[in-house]
Amino acid sequence: MRRAIRPAFSCHTGQQHMPSYTPSDIEARWQDAWDKAGIFQAKRDESRPKYYVLEMFPYPSGRIHMGHVRNYTLGDVVARYKMATGHNVLHPMGWDAFGMPAENAAMAIGGHPRDWTYNNIKDMRGQMKPLGLSIDWSREFATCDPEYYGQQQALFLDFLDAGLVHRKNAQVNWDPVDMTVLANEQVIDGKGWRSGAEVERRELTQWFFKISDMAGELKDALDGLDNWPAKVRLMQENWIGESRGLQFAFSLIGQPDDGAPAPDGFDRIEVYTTRPDTLAGASFVGISPDHPLAKTLERNSAEVAAFNAECRKGGTTAAEIETAEKLGFDTGLRVRHPFDTSWELPVYIANFILMDYGTGAIFGCPAHDERDLEFARKYDLPVTSTFAPTNTEGFTAPEDGGAAFVPGKDVTVHFVRPLGGDPRDMTGDAAIIEAIETCETNGVGQGVTKYRLRDWGLSRQRYWGCPIPVVHCDTCGVVPEKKENLPVELPYDVSFDTPGNPLDRHPTWRDCACPKCGAPAQRETDTMDTFVDSSWYFARFTAPRADTPTVAEDAAYWMNVDQYIGGVEHAILHLLYSRFFARAMQITGHLPASAIEPFDALFTQGMVTHAIYQTPGDNGRPVYHYPEAVELKGDKAFLKDGGAEVEIVPSAKMSKSKNNVVDPLNIISSFGADTARWFVLSDSPPERDVEWTASGAEAAYKHLSRVWNISHRITDMDADAAGEGDDDLLRAMHKCIHDVTVAIESFGFNAAIAKLYAFTATLQKSKAGHAAQRTAIMTLAQLMAPMTPHLAEAIWSHQGGAGLITLADWPQADEAMMVDDTVTLPIQINGKRRGEITVPADMSKEDVEKLALASQPVQKALDGGQPKKVIVVPGRIVNVVV
RNA sequence: GCGGGCGUGAUGGAAUGGUAGACAUACCAGACUUAAAAUCUGUUGGGGCGUAGCCCCGUGUGGGUUCGAGUCCCACCGCCCGCACCA
């Protein structure tokens with residue numbers, strides 16, 4: 001039976017006198033030593049290059065998980081490596097502490113969100129400290145600290161002053177039972193995720209950051225983020241959604257059929273299109289049910305009102321949208337085609353037109369748009385192509401019942417009805433440019449660039465968030481709170497026994513004096529989206545106790561974050577919002593212009609996964625078993641209790657519901673933090689998922705024990721002992737220094753660890769003398785120090801190294817020592833390996849060629865003939881073409 | 001549908017266009033042991049032959065570029081991720 005390996009507390013074999021590897025002693029001792037020396041407390045020092053490493057700060061759920069261990073270990077390797085290479089490192093940690101789980105906990109189990117949160121923080125800090133991270137805990141803060149959110153309120157007021165925030169009506173998902181606004185992700189199948197109530201679309205007055213004003217800038221600046229994953233840049237680019245098109249107006253000529261009066265102020269309908277080259281194929285004009293014109297018509301017509309209401313009910317999930325039927329309502333209104341005054345088009349209200357994109361109105365060209373074609377066929381509207389394939393063989397035109405013809409814009413097609421000019425072949429791109437020019441020349445509209453990105457709504461009808469520091473006064477309206485009154489602090493005496501926002505029903509909290517006229521007024525009870533909290537914490541870390549949001553000298557010195565590390569799930573919102581905030585903070589004087597892109601380099605790590613063990617359950621649903629309850633035999637698994645065979649489902653994200661969670665605390669208490677750190681780095685490249693396996697963790701522990709044992713073996717050697725192969729060992733050491741350094745620089749931590757395994761094996765087998773072996777083990781400890789800092793310190797001190805290894809300079813690879821005297825060159829014949837020769841490393845190309853040609857496999861292949869060609873790549877390979 | 005990425009042993013994964021499978025797991029065998037654990041050593045891509053050795057095939061499939069392709073190009077197949085009624 002397999003047994004988990006535990007640190008042996010005693011060793012009875014009698015053969016070894018060395019103390020065994022006991023991480024619990026070692027790790028506590030060195031964490032204490034680092035603490036006492038205060039080496040991780042960052043101080044401004046203009047004489048050294050600074051380096052700011054940041055991992056995305058955690059939500060204080062109360063328990064760390066393996067994903068945290070991986071995230072912080074990655075950052076710690078970078079931080080410790082940079083420290084060893086002469087950098088002044090800032091490596092802070094804090095808590096993303098506002099948010100719904102705290103309120104949910106208060107509702108579910110009682111208690112107060114604040115107590116729940118601070119208790120969790122205390123617990124999680126206690127769980128993180130044993131990991132031995134090089135964190136400057138003196139800078140720690142939580143976003144729910146009044147000292148933090150008060151400064152956030154100050155930022156908000158400055159943004160408001162600078163015109164970066166505004167208030168407007170917006171459609172929101174309203175949960176009528178919980179009486180709160182829900183984010184889109186919290187609406188599942190049209191129902192509130194908590195209450196299960198049918199979600200309503202309500203119009204509320206909300207606060208918005210004007211991020212859409214910066215859409216173009218945020219998109220263009222992506223090009224400069226060379227050290228971000230291309231994938232993240234692309235996701236942001238798509239999210240911002242830049243498009244180039246034509247905006248123009250149709251003039252209204254008709255009256256509703258029922259003779260109702262023409263709606264006031266609607267003599268024209270503005271539309272936006274990215275395909276102005278299809279204008280000659282226009283068939284109808286469509287407006288959104290939320291378009292001002294539709295809303296005006298709705299007031300005079302019960303029919304329109306009913307139609308619009310029907311449209312608004314529709315769900316927003318992907319499946320619903322895909323299957324939803326295209327619905328239209330003929331308003332009876334008619335518009336004139338801008339290029340042909342005799343051409344009239346009907347105006348429909350249509351359910352598939354979104355109010356918040358473009359102008360909320362379109363012209364339909366059924367020949368070149370699938371939605372428009374479906375709509376036109378349903379309502380019997382004309383279909384007219386403006387272009388067709390250059391080769392029409394086998395092509396059925398949409399007019400003749402074929403599908404809508406929608407080629408890529410870079411495809412050359414034959415334009416039957418171009419907007420200006422004679423029929424001819426051109427690409428869609430060229431035709432669009434020409435169409436915009438034609439329209440602009442004829443005064444029919446302008447080319448415009450639009451963005452999909454919408455303003456960022458920050459109002460939340462919740463308690464546990466940063467209060468929005470404004471006051472509503474009967475005479476003055478919406479008035480910003482005075483800065484000297486900040487922070488607007490959350491009241492503690494609230495209850496969660498009834499739904500809705502506790503701030504709303506608090507007996508006195510709302511009451512205040514108007515900052516402008518002094519009359520009795522009421523505070524805003526909405527709080528800020530928690531994404532606001534995380535949009536500037538990185539800047540706050542540079543001066544976490546300041547009584548202004550930032551301090552110019554500190555921000556100038558520490559910003560930007562040189563390396564940011566976190567999950568790809570934040571690729572869009574958190575990172576985009578932070579980029580917006582950095583710009584807004586620059587405009588309001590809180591960050592230097594050099595920090596408008598706050599993250600120089602971004603690394604997105606993969607998840608920690610684990611196999612799922614399941615057996616069939618009674619009701620057909622699988623029963624999940626904890627890893628501890630399962631025994632592995634080869635590639636099969638059995639229940640320890642009863643021995644039934646267990647199905648092993650391929651690895652998936654650790655999840656409580658699947659019982660495949662491995663608790664870092666258990667691993668640390670069994671094997672130590674160094675083992676956990678080593679393992680999460682070793683098995684997969686950091687950007688990919690890593691599968692946690694018990695055998696892999698054991699192997700990591702065994703390896704660290706081995707290194708420990710080697711160190712003791714070396715100290716037991718006769719100090720004057722000479723040996724064999726000193727040079728070979730040192731050569732391998734210098735190669736290892738080089739390879740590990742290159743690997744760490746490029747985030748190839750798994751590759752670095754592979755090299756360390758290989759060098760450990762070399763050292764273990766080495767017969768070199770004491771001096772060489774001592775040099776080798778101390779260098780090995782240094783190279784391992786970023787990953788397993790406690791073990792590295794223990795070995796360093798055990799070998800008599802000066803000071804802390806954490807403060808020692810990173811070892812330098814000696815190029816001269818990396819060159820072997822001889823090299824073994826593979827010999828290829830016609831590109832296939834057929835043999836090898838060993839030659840002095842400095843042998844000339846010509847001599848290598850001669851030797852190669854004389855070699856047995858080449859002679860055999862030539863069979864007396866002459867080679868056609870011989871390629872010699874010095875130090876690499878010889879290829880003979882016969 | 002649109003955009004992007006990835007396909008390498010039983011498994012996780014290595015390979016600046018230059019010896020494919022480093023390193024680790026798993027498996028198997030051996031040493032030590034009364035035995036086990038621990039520790040150490042070794043084997044393991046597939047196939048074949050005249051088996052101390054040698055040969056052939058092999059990085060999803062098919063083609064191409066090159067002296068040489070896992071790597072570059074084209075097409076296809078499969079999987080994964082992001083976005084999606086965005087005019």
Side-chain angles (χ1 to χ4, degrees), chain A residues 1-3 5 8 11-13 15-16 20 229-232 234-235 237-239 241 243 245 271-276 278 286 314 316 318 320-322 324 326 350-354 356-365 368-372 374-375 406 408 450-452 454 568-569 571-572 609 632 634-635 650-651 679 682-685 688-691 693-696 698-700 702-703 705-706 709 742 748 750-758 760-761 764-765 824-836 867-871 873 875-882:
Chain A
M1 177 175 154
R2 175 191 307 275
R3 259 195 235 160
I5 302 157
C11 183
H12 297 296
T13 62
Q15 297 164 338
Q16 295 169 320
S20 50
K231 176 192 165 89
V232 173
L234 194 68
M235 281 165 71
E237 190 176 329
N238 292 340
W239 186 262
S243 70
V271 300
Y272 172 72
T273 178
T274 55
R275 293 308 299 255
T278 65
T316 50
E320 280 174 296
I321 285 165
E322 217 149 278
K326 304 274 173 285
N351 64 344
F352 63 95
I353 299 166
L354 307 173
D356 45 17
Y357 186 77
T359 61
I362 59 148
F363 75 80
C365 177
H368 304 297
D369 185 292
E370 282 155 27
R371 294 158 304 176
D372 295 349
E374 185 187 335
F375 191 82
V406 193
K450 293 231 183 255
Y451 300 91
R452 204 177 67 103
R454 302 177 206 164
V568 74
E569 65 272 19
I572 297 175
T609 63
L632 296 174
D635 53 2
S651 218
F679 178 75
S682 67
D683 249 26
S684 292
R688 273 197 236 175
D689 291 351
V690 63
E691 183 180 8
T693 61
S695 54
E698 286 177 16
K702 282 189 210 171
H703 178 75
S705 304
R706 202 174 299 138
N709 292 340
V742 168
N750 58 325
I753 282 180
K755 299 289 183 190
L756 290 167
Y757 269 114
T760 304
Q764 185 157 33
K765 289 174 194 161
T824 300
L825 298 179
I827 295 182
Q828 294 184 333
I829 291 161
N830 296 337
K832 288 196 193 300
R833 184 177 180 277
R834 285 295 179 268
E836 59 185 34
K868 262 198 205 149
K869 194 171 178 181
V870 182
I871 292 110
V873 183
R876 279 285 182 190
I877 205 163
V878 180
N879 190 13
V880 181
V881 187
V882 298

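Atom set for the values below is all heavy atoms of this structure, side chains included, hydrogens, waters and symmetry mates excluded. Here is how names work: the chains are called A, B, and so on, in the same order as the sequence lines, proteins then strands, and each is numbered from 1. On a predicted model such as this, the values are computed, not experimentally measured, just so you know.
- In this view, A:D689 satisfies the salt bridge (charged side-chain N to carboxylate O under 4.0 Å, His left out) rule with no residue, not counting sequence neighbours.
- Among the heavy atoms of the strands lying under 4.0 Å from A:I353 is at least one base atom, whether or not backbone atoms are also near.
- Comparing B:A87, B:C23, B:G3 by their nearest atom to the side chain of A:I362 picks out B:A87.
- The NZ atom of A:K702 sits 10 Å away from the C1' atom of B:U25 (whole-angstrom rounding).
- Nucleotides B:G21 and B:C76 place their C1' atoms 27 Å apart, quoted to the nearest Å.
- Atom-to-atom distance recorded for A:F375:CZ and A:N351:CG is 8.0 Å, nearest 0.5 angstrom.
- The separation of B:G30 from B:U43, taken at their P atoms, amounts to 15 Å, rounded to a whole angstrom.
- Pairing each heavy atom of A:H368 with each of A:T278, the nearest pair is CD2-CG2, 3.9 Å.
- Annotation: the span from A:H703 atom NE2 to A:F679 atom CZ amounts to 14.0 Å, rounded to 0.5 Å.
- Here the separation of B:C72 from B:G78, taken at their P atoms, is 22 Å to the nearest Å.
- With P as the reference atom, B:G53 and B:U44 are 13 Å apart, rounded to whole Å.
- For the pair A:V568 and A:K231, the tightest heavy-atom approach, listed with the atom from each and the gap, is CG2-CE, 3.9 Å.
- If you take atom C1' in B:G70 and the same atom in B:U59, they sit 5 Å apart, rounded to whole Å.
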Secondary-structure notation, RNA chain B, from Watson-Crick and G-U pairs under 3.5 angstrom (| other strand): (((((((..(((.....[....)))(.((((.......)))).)(((((...)))))..(((((..]....))))))))))))....

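- Side chain of A:L354, nearest nucleotide from B:C40, B:U25, B:C86: B:C86.
- In this structure, A:K326 is positioned above the aromatic face of A:F352, its NZ or CZ under 6.0 Å from the six-membered ring centre and within 45° of the axis.
- Shown here for A:P826 and A:R876, the closest heavy-atom pair between the two residues is CD-O, 3.1 Å.
- Taking for each of A:A754 and A:F352 the nucleotide of RNA chain B with the nearest heavy atom, the 5'-most of the two is the partner of A:A754.
- There is no side-chain donor-acceptor pair under 3.5 Å between A:S682 and A:Y757.
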Nucleotide-resolved protein contact map, nucleotides 12-20 of chain B, B/S/- at heavy-atom distance under 4.0 Å: BSS-B-BB-

Show me the protein contacts with nucleotides 61-66 of chain B, counting only N or O atoms at under 3.5 Å.
none

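- Between A:I362 and A:I353, the shortest heavy-atom distance links the atoms CG1-CD1, 3.6 Å.
- One can place CD of A:E374 at 14 Å from C1' of B:G1, the figure rounded to the nearest angstrom.
- A distance of 12.5 Å separates CZ in A:R275 from OG in A:S243, rounded to the nearest 0.5 Å.
- Under the rule for a salt bridge (charged side-chain N to carboxylate O under 4.0 Å, His left out), A:D683 has no partner lying at least two apart in sequence or in another chain.
- Across all strands shown, A:T693 has no heavy atoms under 4.0 Å from either base or sugar-phosphate atoms.
- Of the side-chain N and O atoms in A:R452, none sit less than 4.0 angstrom from OP1 or OP2 of B:C83.
- Contact annotation for A:Y757: backbone-only contact, meaning every heavy-atom pair under 4.0 Å involves sugar-phosphate atoms and none involves a base.
- If you check B:C81, B:C86, B:G82 against the side chain of A:M235, the one that comes closest is B:G82.
- Considering only the side chain of A:K765, B:G42 comes nearest among B:U25, B:G42, B:C83.
- For B:C85, the base has a donor-acceptor partner in the side chain of A:K326 [N/O atoms by modelled type, under 3.5 angstrom].
- The phosphate of B:A87 has OP1 or OP2 within less than 4.0 Å of a side-chain N or O from A:Y357.
- At most 12 non-hydrogen atoms from other residues, nucleotides or ligands lie less than 6.0 angstrom from CD of A:E370.
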Write down the protein N/O and nucleotide N/O pairs, taken from nucleotides 53-58 of chain B, whose separation is under 3.5 Å; answer none if there are no such pairs.
| residue | atom | partner | partner atom | Å |
| --- | --- | --- | --- | --- |
| B:C56 | OP1 | A:R834 | NH2 | 3.4 |

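- Residue A:E569 contributes atom CD, which lies 12 Å from atom P of B:C83 at whole-angstrom precision.
- In this structure, A:D369 atom CG and B:C86 atom C1' are separated by 11 Å, rounded to whole Å.
- One distance of note links CG of A:N238 with CD1 of A:I572; it measures 8.0 Å at 0.5 Å rounding.
- Summarising the geometry, the separation between CG on A:L234 and P on B:C6 is reported as 13 Å, rounded to the nearest angstrom.
- Closest approach to the A:K231 side chain among B:C81, B:G3, B:A87 is made by B:C81 (side chain taken as heavy atoms from C-beta onward).
- The closest side-chain heavy-atom distance from A:V878 to A:V873 is not below 4.5 Å.
- The shortest non-hydrogen separation linking A:T359 to A:Y272 is OG1-N, 3.7 Å.
- With its glycosidic angle more than 90° from 0, B:G30 is assigned anti.
- Considering CD of A:E836 and CD1 of A:I827, their distance stands at 8.5 Å, rounded to 0.5 Å.
- Rounded to whole Å, the distance from CG on A:D356 to C1' on B:C85 is 12 Å.
- Taking the C1' atoms as reference points, B:G18 lies 31 Å from B:C79, given to the whole Å.
- Closest-nucleotide positions on RNA chain B for A:R706 and A:R275 were compared, and the one nearer the 5' end corresponds to A:R706.
- Spacing between B:C77 and B:G12 at atom C1', rounded to whole Å, works out to 25 Å.
- At least one test fails for A:K450 against the ring of A:Y357: distance under 6.0 Å to the centre or angle within 45° of the axis.
- Atom C1' of B:G60 sits at a distance of 27 Å from the matching atom of B:C55, rounded to the whole Å.
- A straight line from CH2 of A:W239 to P of B:G4 spans 19 Å, rounded to a whole angstrom.
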